[in-house]
Amino acid sequence: MARGRQRVHAIGRRPNHNLRRPQHPGPFRRSVIVSLMDMKASASPVLEKMLYRYPISLDSQRIIRILGVPYDAVFAFIQFLYSSRSAVSSREGEEAVEKYGMHLLVLSHAYQVKWLKRGCEEGVAARLRVEVVVDMLKLAKLCDAPRLYQRCMRLVAKDFASVIQSEGWCFIRRHDPLLEKEILQFIEDADQRRKRWMREMADQEMYQQLSEAMECLQHICTVGCTVVGPHVGEPPSRSKGPCSFRTCEGLQLLIRHSATCGKKLSPGGCIHCKRMWQLFQLHSSICDQPDSCKVPLCKQFRSKIQMDGKVDKTWRLLVKKVVTAGIMSSLAKRERPEEIQKIWLRYRGIK
Ligand SMILES: [Zn+2]
Ligand SMILES: [Zn+2]
Ligand SMILES: [Zn+2]
């Protein structure tokens, strides 16, 4: 940060509507004259207290020294104090944040201007670069800026190979082992979270496919499709056009295989027949019309469960997940309001 000595003149009670740089700054070459009349009392509780506590000089001025930041950043900060909260998102506001974002963040933190701090935090976070991300991370910790902290950490985790080339990283490696440890821990946690998320997404995809397979099984056994079906009325034919179920052809092959497989009863069995068996069992567990159901073994599996009197916990969980996936999938196919669209995207891990 620049070490220039800047001073703000606060003129008490003078109805000056223009924030201005003084024409005759006297001993203070770089100063800003502000009027308390125009400044909202609540703009900065810290500055407000200081203005009333500081003694008034002979020329009716109070002088507050703001050190450690460039003069233009101080000027921009005072300008913000005179503006409405929406000023941060105006063109001039964005330009000021782009030029002096980190200084304005420090000032708004030190002088407790919450709305400006939030705007600067967002502005600095939106302009983060790998070369300075470690410095910004330190700044976020010093200024108690959690959003900026999170954004910095995410960028560090995303592009760690480039971050370790930066001066900021070399500095903390030599002088700040605690921050180095904190960053490495975050990267490890982020990696674990990513792996867990990928596992969950893979599981979600599997439940989705099983749900589709259940729907497809019902479709094959109820109305029939290209080569397999109950053959009631018109026989299934390819002339109906391609089936809308992605899994239909594979499932029909599996059903045909199971019907003729000679290994299904042999020791060790047949992996394809076992899979088909599990699909029939899964169908039976979620079937809501067992009396009229045409899917093979539906009633038999149901009777077996009733006779056993208990269902394996893992199986029960699988059934629950497949049913949920089916409900979410049918909701997704409907014309749906924005809120449901969001839930669906979150469920699919897209957002
Ligand atoms: Zn089909
Ligand atoms: Zn088989
Ligand atoms: Zn059934």
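In each ligand, atom 1 is the first atom listed, and ligand 1 is the first ligand listed.
The angle Cys298:SG - the Zn ion (ligand 3) - Cys287:SG amounts to 110°, with values rounded to 10 degrees. Angle SG (Cys293) to the Zn ion (ligand 3) to NE2 (His283): 100°, rounded to 10°. Computed with the Zn ion (ligand 2) at the centre, the His257 NE2 to Cys261 SG angle is 110°, stated to 10 degrees.
A donor-acceptor contact shorter than 3.5 Å links the side chain of Glu121 to the backbone of Leu148. In this structure a side-chain-to-backbone donor-acceptor pair under 3.5 Å is missing from Arg147 to Ala125.
Residue contact annotation: Cys216 places no N/O/S atom under 2.8 Å from the Zn ion (ligand 1).
For the atom pair SG (Cys273) and CG (Leu254), the distance works out to 7.5 Å, reported to the nearest 0.5 Å. For the atom pair Thr247 OG1 and Leu217 CG, the distance stands at 9.0 Å (nearest 0.5 Å).
Checked against the Zn ion (ligand 1), the N, O or S atom of His219 at the shortest distance is NE2.
The aromatic rings of His272 and His257 lie perpendicular to each other, with more than 60° between the two planes, well past the 30° mark.
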